[in-house]
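Scope of the values below: all heavy atoms of this structure, side chains included, with no hydrogens, waters or symmetry mates. Chain letters run A, B, ... following the sequence lines, proteins first and then strands; every chain starts at 1.
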Protein chains: 2
Amino acid sequence: MNNKIRNKMELNKQFRQFGHKMTSGRETTIDVLSETDEHLSAEDIHIKVHSVNPKIGLTTVYRTLELLINMGMVSKFDFGDGRARYELAEGFKGAKHHHHLVCTGCGRIVDYSEFVKEEKTFFKRIELELSRKYDFRITNHLVQFYGLCKKCEGY
Amino acid sequence: MNNKIRNKMELNKQFRQFGHKMTSGRETTIDVLSETDEHLSAEDIHIKVHSVNPKIGLTTVYRTLELLINMGMVSKFDFGDGRARYELAEGFKGAKHHHHLVCTGCGRIVDYSEFVKEEKTFFKRIELELSRKYDFRITNHLVQFYGLCKKCEGY
DNA sequence: TTGCAAATGGTTATCATTGTCAATTTATTT
DNA sequence: AAATAAATTGACAATGATAACCATTTGCAA
Ligand SMILES: [Mn+2]
Ligand SMILES: [Mn+2]
Ligand SMILES: [Zn+2]
Ligand SMILES: [Zn+2]
């Protein structure tokens, strides 16, 4: 399937547009993020990248993630366990806008995309008013729910 | 003013209810948090506490903050600058429920409490449905807006 | 191909937070 | 007020995620 090739060329273009080069490490990192539905830490990602391309070091993974964030392809989250988590940003490889339920017992993360439409409407209005009132150009927002998953609230 | 004394006795009771003792360090920490409208880091708090009571160490401040969080008197936030920020929780010393605008340029934090009522309604409904669908007992939520303050988006 | 800026990897440094443990303080009981 | 036992503390060391360094390698335009 030369779908892969087309994809590669797309990526190449993306990087060039931002004044960067495409490298095998960067490509592998994106692949890893595309192929998971988990919320991987930098080290998690490194382990997976490393298993495909053992030459890639952890430092490069950190640098790549930062770059991808700046390019808008990756989102970084803090779920309160002391390490950042990364996922493909909305719109890349079919990733959909969603928010998170975080279990404060076991750390489990649940993606949900219900209410996205209502939420968008709701937040759009709020953002507009807050922007005006506080002279802020709001670019994005974060919503997270905390609680206990079924397993963790058992007694 | 024996308002202070009453306050002290209230605090004392609070601690005892949780099986803890009230100490001068803990009292000073609460005072510091009561008297600021900033979003202080542990070190910020330690500096202020230390200036009142030079015997108190940073470790104790960390421990006290953790305790106060467990007692529901303090909230801990991450605004993405690599250190936690603390503030008095809703309901203590007149602290009001609010959310935050975070400037990604200079790190400035703006409290806002507009829309709290609408938000409560909105989130209550969402939380109910998510709880059901994902078997989660949701206990609280986090909302933050990111963007650029007036100063930072100037050119 | 060649040249050179960009990217990399191994290592060390940083720095917020937590663990350790002997000494001190607190609240309670005589 | 003094004794007691348990909780709290402070100084210091340990931890762990992330960033800085720098010599070497790689991507790509000419
Ligand atoms: Mn997710
Ligand atoms: Mn606040
Ligand atoms: Zn859980
Ligand atoms: Zn700013």
Side-chain angles (χ1 to χ4, degrees), chain A residues 8-9 11-30 32 39-71 73-74 76-86 107, chain B residues 8-30 32 39-71 74 76-86 107:
Chain A
K8 200 162 181 166
M9 288 177 67
L11 266 187
N12 207 304
K13 200 199 275 184
Q14 289 266 3
F15 281 110
R16 269 181 296 168
Q17 276 178 337
F18 276 83
H20 295 290
K21 298 172 177 176
M22 199 187 59
T23 67
S24 84
R26 288 171 179 176
E27 198 191 344
T28 309
T29 302
I30 293 170
V32 164
H39 299 85
L40 302 175
S41 68
E43 197 186 348
D44 294 337
I45 293 167
H46 177 236
I47 289 171
K48 286 176 188 281
V49 167
H50 196 264
S51 80
V52 173
N53 190 338
K55 213 167 23 154
I56 309 288
L58 178 58
T59 305
T60 297
V61 170
Y62 270 106
R63 278 186 298 231
T64 299
L65 289 169
E66 195 190 348
L67 177 63
L68 294 175
I69 290 168
N70 288 333
M71 291 171 64
M73 298 175 67
V74 164
K76 181 180 182 178
F77 292 92
D78 167 41
F79 297 126
D81 67 342
R83 74 199 60 193
R85 305 275 167 176
Y86 304 85
Chain B
K8 202 163 180 165
M9 288 175 67
E10 277 300 322
L11 265 187
N12 206 305
K13 200 199 276 183
Q14 289 266 5
F15 280 111
R16 267 182 296 167
Q17 277 179 338
F18 276 84
H20 296 290
K21 297 174 177 174
M22 201 187 59
T23 67
S24 85
R26 287 170 181 177
E27 200 190 342
T28 309
T29 302
I30 293 170
V32 164
H39 299 83
L40 302 175
S41 68
E43 196 185 350
D44 294 338
I45 294 167
H46 177 238
I47 290 170
K48 286 176 188 282
V49 168
H50 196 264
S51 79
V52 174
N53 190 339
K55 213 168 24 155
I56 308 287
L58 178 58
T59 306
T60 297
V61 170
Y62 272 106
R63 277 187 297 231
T64 299
L65 289 169
E66 196 189 348
L67 177 62
L68 294 175
I69 289 168
N70 288 333
M71 291 171 63
V74 165
K76 182 180 183 178
F77 292 92
D78 168 41
F79 297 126
D81 66 343
R83 74 198 59 194
R85 305 275 168 176
Y86 304 84

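- At a threshold of 4.0 Å, the pair A/Arg83-A/Asp44 does not count as salt-bridged, since none of the basic side-chain nitrogens sits closer than that to a carboxylate oxygen.
- Counting any heavy atom pair closer than 4.0 Å across all strands shown, B/Gly82 reaches sugar-phosphate atoms only and no base atom.
- Atom OH of A/Tyr86 and atom P of D/dA17 are 12 Å apart (whole Å).
- Contact footprint of chain B on DNA chain C: nucleotides with an atom under 4.0 Å from a non-hydrogen protein atom, first to last in 5' to 3' order, C/dA16 to C/dA27.
- If you look at B/His39 and B/Phe79, their ring centroids are closer than 6.0 Å.
- Rounded to whole Å, atom P of D/dA19 lies 13 Å from atom CG of B/Asp81.
- Two residues are said to be in side-chain contact when any heavy atoms from C-beta on lie closer than 4.5 Å; A/Lys8 and A/Met22 meet this criterion.
- Paired with B/Thr29 under the rule side-chain contact (heavy atoms from CB on, under 4.5 Å), one option of B/Asn53, B/Val74, B/Thr64 passes, and it is B/Thr64.
- Whole-Å rounding puts the B/Glu66 CD to D/dT8 C1' distance at 14 Å.
- Taking the side chain as every heavy atom from C-beta outward, B/Arg85 and B/Asp81 approach each other to under 4.5 Å.
- In this structure the side chain of B/Arg26 reaches within 4.5 angstrom of the side chain of B/Phe15, judged on heavy atoms.
- The nearest whole Å value for the distance from the NE2 atom in A/His46 to the P atom in D/dT18 is 14 Å.
- For B/His20, a side-chain nitrogen or oxygen approaches OP1 or OP2 of D/dT8 to under 4.0 Å.
- Toward the 5′ end of DNA chain C lies the nearest nucleotide of A/Ser24, the other residue of the pair B/Lys76 and A/Ser24 mapping further downstream.
- Here the closest non-hydrogen pair linking A/His46 and A/Leu58 is NE2-N, 3.3 Å.
- Sorted by residue number, the members of residues 53-63 of chain B with any non-hydrogen atom under 4.0 Å from DNA chain D read B/Lys55, B/Ile56, B/Gly57, B/Thr59, B/Thr60, B/Arg63.
- Taking side-chain N and O atoms only, B/Arg26 has a distance below 4.0 Å to OP1 or OP2 of D/dT8.
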